[in-house]
Number of protein chains: 2
Amino acid sequence: MTARTSHDTAREIPEATVARLPVYLRALTTLSEVGTTICSSEDLAAAAGVNSAKLRKDLSYLGSYGTRGVGYDVDYLRYQIAREMGATRDWPVVIVGIGNLGHALANYSGFRSRGFRVVALLDADGQRHGEVVAGVVVRPFRDLRGIVREHGVAIGVIATPAASAQDVADQMVGAGITSILNFAPTVLNVGADVAVSKVDLSKELQVLAYHEQRKATQETA
Amino acid sequence: MTARTSHDTAREIPEATVARLPVYLRALTTLSEVGTTICSSEDLAAAAGVNSAKLRKDLSYLGSYGTRGVGYDVDYLRYQIAREMGATRDWPVVIVGIGNLGHALANYSGFRSRGFRVVALLDADGQRHGEVVAGVVVRPFRDLRGIVREHGVAIGVIATPAASAQDVADQMVGAGITSILNFAPTVLNVGADVAVSKVDLSKELQVLAYHEQRKATQETA
DNA sequence: AGGAGTTTGTGAACGCGAGAACAAAATCAC
DNA sequence: GTGATTTTGTTCTCGCGTTCACAAACTCCT
């Protein structure tokens, strides 16, 4: 029970490291596509845009998948990270709110290529029902519970306006969803057993504007 | 030269705080809309989804805009944060790459309402030229330099495929853009004087999948 | 006016993450 | 086989950010 093998996935991986693993995965895929079979931590760090010491430490949390004096086998390391991340599995996902952003997300090829399968597009607006987006038909929001049960959906994406986001989240949790990616500009209140991640499209732009503003005011000083 | 007033914007604000200011701004706007004129740090922290001590410390970097025993004047604080962030200004922005995501970004009302004005939509694909998106006509990418000069654009958004992102970034920097928001899944190499912020739509989903995976493997253990 | 009750602003403690530096381990040259 | 070289994995240190806890300052009630 307490025995831990080097392949045990129950080890604690720091959140900061987890957040970078997708970046490494992407960099490894790129390296693999251009025919690179072996890479050093220096190479991979450059491709991922991080410090090489940090990269090595991050990878060490997963296990020892490199060879000293040589480097990392690109495909092998990629598989190990993908397995750890759960990217070798197929994750059914529902997207709620098929406006401009919902459309873009449904069509985003990066989801499919990383193991996410959009099993349903839902919208409360009856006018959108029946429309086919990215090969999936838009259905009424009330179908959520049935779809979640049928496909075993654990992850939901909210792309609705802010006003409806909390209600959507409540219904998602009620239907059995345990992870929510929220694109609506609202703080969601959910139980502690539900993971919520938030992406704010304008937040990053505002941070950039702040630094621009600072540059400008410092020059004039 | 070295004299600093309490309104001086040259004070050093930690990056972590800067990243949260847009969240506070959004929460204050919401509070204002429902008619709240005064709020405590506890109220605002709840609305923003953070710890109240952290909120107070964050605000203290801007100055003393609250009243002990009372709280914060919602509209006054909102203005102060907006001013500090540069949100009271008008920021011209160009978006390059008018695919699904570019469409969504061009139509995103959150940009306009926060002081960002999309002055141009550019795409290398001639088939898209002339199309009108969100009231703005799509123009050839080669018009970039002229547009940047004409409108004094400092911020550019990249919504192209990964393959063209680096080239677009180079051209942006050459045209005089100093802040880039990158939605393409690539690490951009730019000079140290250019600020780059990256949003990866699938990264957050992958992190959620990781935690789902962990939950699943721990239950079976 | 003065005391009780609130709430801000901040000093201090703590914990996590980043990066430098080095030991361990593999290859390569001869 | 042995020493030189390369590169990983890890230890150590430092700094930043978070949180606690409390003094300062304001309002309200009597």
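In the text below, chain A, chain B and the rest are named by the order of the sequence lines, each starting its count at 1. Values below: all heavy atoms of this structure, side chains included; hydrogens, waters and symmetry mates excluded. Bear in mind that the values here come from a model prediction, so they are computed numbers and not experimental data.
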Between A:E84 and B:R214, is there a salt bridge with N-O shorter than 4.0 Å? no
Could you tell me whether a side-chain N or O of B:N107 sits under 3.5 Å from a main-chain N or O of B:H103, the two making a donor and an acceptor? yes
Can you check whether A:S41 has a side-chain N or O nearer than 4.0 Å to OP1 or OP2 of D:dT7? no
Heavy-atom count around B:R89 CZ within 6.0 Å, excluding the residue itself: above 12? yes
Nucleic acid footprint by protein, nucleotides 24-30 of chain C - heavy-atom cut-off 4.0 Å, B for base, S for sugar-phosphate alone: BBSS---
Indicate for each nucleotide in nucleotides 14-22 of chain D, in 5' to 3' sequence, whether protein heavy atoms under 4.0 Å reach the base (B), only the sugar-phosphate (S), or nothing (-). ---SSBBB-
Should A:R20 and A:E15 count as an ion pair when the cut-off is N to O under 4.0 Å? no
Rounded to the Å, how far apart are A:D73 CG and D:dT7 P? 16 Å
Does a side-chain N-to-carboxylate-O contact under 4.0 Å join B:D200 and A:R26? yes
Round to a whole Å and report the spacing from CG of B:D43 to C1' of C:dT6. 12 Å
Whole-Å gap separating C1' (C:dG9) and CG (B:L62): 13 Å
Separation of atom CD in B:E42 from atom P in C:dT8, rounded to whole Å: 8 Å
Whole angstrom value for the distance that separates P of D:dT6 from OH of A:Y72: 18 Å
Given A:Y65 and A:Y76, is the ring-ring contact (aromatic ring centres under 6.0 Å, His included) satisfied, shown in steps? CA-CA 8 Å; A:Y65 295 133; A:Y76 179 62; 5.8 Å; yes
Side-chain donor-acceptor pair present, A:N100, B:Y108, cut-off under 3.5 Å: no
Of A:L181, A:L188, A:V94, the one forming a side-chain contact (heavy atoms from CB on, under 4.5 Å) with A:I158 is A:L188
